[in-house]
Student: 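Structure in structure tokens, see below.
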Number of protein chains: 2
Amino acid sequence: MENEWSYKERKVISIGAVSELTGLSERQIRYYEERKLIFPSRSDRGNRKYSFSDVERLIDIANKREEGVRTDEIRMEYKKEKVKEDRETRKKMIQGQLNARFMGQNNGKRFS
Amino acid sequence: MENEWSYKERKVISIGAVSELTGLSERQIRYYEERKLIFPSRSDRGNRKYSFSDVERLIDIANKREEGVRTDEIRMEYKKEKVKEDRETRKKMIQGQLNARFMGQNNGKRFS
DNA sequence: CGTGTAAGGAATTCTGACACG
DNA sequence: CGTGTAAGGAATTCTGACACG
């Protein structure tokens with residue numbers, strides 16, 4: 001499970017390959033980065049590196065652009081999604097801590 | 001599930017990135033291809049493209065080489081593994097067909 | 001705003017070969 | 001056998017800019 005995740009998030013794809021995968025021009029891909037829609041990492045020499053996750057986002061961006069959505073609107077949408085995700089992540093982390101505490105009690109491992 | 005598969009098998013990583021990922025020199029990576037241990041695909045222009053799966057195999061190769069195993073021995077090992085896998089795949093396919101036939105009967109959808 | 005293009009340079013990749021062993 | 005290296009060329013990628021709209 002951890003493993004599948006790394007394949008999807010690992011930034012190893014060059015812009016040329018991303019261009020083929022998405023059908024977008026390199027110019028477009030770089031521009032979406034300039035507009036803060038996508039965040040590739042850089043290799044030692046400075047070449048952009050993308051993940052499969054980035055590729056999927058670019059395809060999503062392409063679809064929205066076709067519908068006439070502006071880049072700043074797309075950015076807003078992603079921002080909202082991120083806020084929502086973060087809220088859920090926090091929720092789960094708190095649940096995790098509570099669970100850990102109860103399990104501790106069941107095991108009679110409380111300190112005080 | 002299909003999806004996770006494609007991330008792992010999709011050949012999109014350039015030799016430079018593979019070199020960083022595996023710690024092997026490009027020379028070594030190309031040589032292992034020459035010895036039929038690894039099978040990258042090629043981009044339009046002829047650049048080698050590797051999958052995460054290929055990267056894992058290269059790491060495995062590197063480990064074996066460190067143990068002093070020769071490339072032709074490594075090739076043999078992979079060949080044996082492949083034969084075994086193919087046998088199991090065939091087995092599963094036959095099972096699948098049988099299951100499909102029985103389900104057909106249960107649905108009363110036989111022709112003759 | 002979003003995208004194309006020409007520009008010049010730097011890094012990438014490719015192949016075939018020589019080297020050592 | 002396995003790997004390093006120098007060689008020369010072709011394709012890749014990068015940035016900043018001008019263009020159109």
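Numbered from 1 within each chain, the chains take letters A, B, ... in sequence-line order.
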Student: Check whether any side-chain N or O of Arg70(B) sits under 4.0 Å from OP1 or OP2 of dG2(D), and answer yes or no.
Tutor: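 Looking at the OP1 and OP2 atoms of dG2(D), neither is under 4.0 Å from any side-chain N or O of Arg70(B).
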
Student: Output every pair passing side-chain hydrogen bond (donor to acceptor under 3.5 Å, both in side chains) with a member in residues 61-72 of chain A, not counting sequence neighbours, ordered by first then second residue.
Tutor: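 Matches after skipping sequence neighbours: Arg35(A)-Thr71(A), Asp60(A)-Lys64(A), Lys64(A)-Glu77(A), Arg70(A)-Asp72(A), Arg70(A)-Glu73(A).
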
Student: Using a cut-off of strictly less than 4.0 Å between a heavy atom of the residue and any atom of DNA chain C, enumerate the qualifying residues of residues 15-26 of chain B by number.
Tutor: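 Result for residues 15-26 of chain B: Ile15(B), Gly16(B), Glu26(B), sorted by number.
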
Student: By nearest atom, which of the nucleotides dT13(D), dT3(C), dG4(D) is closest to the Ser14(A) side chain?
Tutor: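 Among the listed nucleotides, the one closest to the side chain of Ser14(A) is dT13(D).
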
Student: Is the shortest side-chain N to carboxylate O distance from Lys82(B) to Asp86(B) below 4.0 Å?
Tutor: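 Counted as a salt bridge, because a side-chain N and a carboxylate O are separated by less than 4.0 Å.
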
Student: Counting only side-chain nitrogens and oxygens, does Arg30(A) get under 4.0 Å of the OP1 or OP2 atom of dT13(D)?
Tutor: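 For Arg30(A), the contact criterion (side-chain N or O under 4.0 Å from OP1 or OP2 of dT13(D)) is not met.
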
Student: Output the rounded distance in Å from CD (Glu33(B)) to P (dG2(D)).
Tutor: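 Computing the Glu33(B):CD to dG2(D):P distance gives 15 Å.
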
Student: So do the side chains of Arg57(B) and Tyr32(B) get within less than 4.5 Å of each other, counting heavy atoms only?
Tutor: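 A side-chain contact under 4.5 Å is absent here.
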
Student: Show every donor-acceptor pair shorter than 3.5 Å between a side-chain atom in residues 37-52 of chain B and any protein atom, with sequence neighbours excluded, or say none if there are none.
Tutor:
unit_1   : atom_1 : unit_2   : atom_2 : d
Arg42(B) : NH1    : Gly46(B) : O      : 2.8
Ser43(B) : OG     : Asn47(B) : N      : 3.2
Arg45(B) : NH1    : Asn47(B) : OD1    : 2.4
Arg48(B) : NH1    : Glu33(B) : OE1    : 2.8
Ser51(B) : OG     : Ser53(B) : N      : 3.3
Ser51(B) : OG     : Asp54(B) : N      : 3.0
Ser51(B) : OG     : Asp54(B) : OD2    : 3.2

Student: Kindly list each side-chain donor-acceptor pair under 3.5 angstrom involving residues 12-22 of chain A, sequence neighbours excluded, with atom names and distances?
Tutor:
unit_1   : atom_1 : unit_2   : atom_2 : d
Ser19(A) : OG     : Leu24(A) : O      : 2.6
Thr22(A) : OG1    : Val18(A) : O      : 2.8
Thr22(A) : OG1    : Leu24(A) : N      : 3.1

Student: Distance check needed: dT13(C) C1' versus Arg27(B) CZ, whole Å only.
Tutor: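 After rounding, the gap between these two atoms is 14 Å.
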
Student: Quickly work out the Glu66(B) CD to dG2(D) P distance and round it to whole Å.
Tutor: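 So the two atoms are 15 Å apart, to the nearest Å.
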
Student: Please state how far atom CD1 in Ile29(A) lies from atom P in dT12(D), giving the value in whole angstrom units.
Tutor: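 From Ile29(A) CD1 to dT12(D) P: 14 Å.
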
Student: It should be established whether Tyr32(B) places a side-chain nitrogen or oxygen under 4.0 Å from OP1 or OP2 of nucleotide dT3(D).
Tutor: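 For dT3(D), OP1 or OP2 has a side-chain N or O of Tyr32(B) closer than 4.0 Å.
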
Student: To the nearest 0.5 angstrom, please state how far the CD1 atom of Ile94(A) sits from the NZ atom of Lys92(A).
Tutor: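 The distance works out to 13.0 Å.
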
Student: So, is Tyr31(B) close to the dT3(D) phosphate, meaning a side-chain N or O under 4.0 Å from OP1 or OP2?
Tutor: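 For dT3(D), OP1/OP2 do not have a side-chain N/O of Tyr31(B) under 4.0 Å.
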
Student: For DNA chain C, what string of dots and brackets results from 5' to 3' when Watson-Crick and G-U pairs need both distances under 3.5 Å, crossing pairs get [ ], and pairs with another strand get |?
Tutor: .||||.||.|.|.||.||||.

Student: Please report the interatomic distance CD(Gln95(B)) to NZ(Lys91(B)), rounded to the nearest 0.5 Å.
Tutor: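 Reported value, rounded in 0.5 Å steps: 9.5 Å.
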
Student: Determine, for Arg30(B) against Glu26(B), whether the closest basic-nitrogen to carboxylate-oxygen distance falls under 4.0 angstrom.
Tutor: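 So Arg30(B) pairs with Glu26(B) through a salt bridge.
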
Student: Got a sec? Which of residues 36-55 of chain B come in under 4.0 Å of DNA chain D, heavy atoms?
Tutor: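 Hits under 4.0 Å, by residue number: Arg45(B).
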
Student: In whole angstrom, give the distance that lies between atom CD of Gln28(A) and atom P of dT5(C).
Tutor: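 Whole-Å distance recorded here is 11 Å.
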
Student: Just the rounded figure in Å: distance from C1' of dG16(D) to CD of Glu34(A).
Tutor: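 About 11 Å, once rounded to whole Å.
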
Student: Which whole-number value in Å describes the distance from Arg75(B) CZ to dG2(D) C1'?
Tutor: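 Interatomic distance, CZ of Arg75(B) to C1' of dG2(D): 14 Å.
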
Student: Among the clusters formed by ILVMFWY side chains lying less than 4.5 Å apart, do Met76(A) and Leu58(A) turn up in the same one?
Tutor: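 Per the 4.5 Å side-chain linkage, Met76(A) and Leu58(A) are not co-clustered.
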
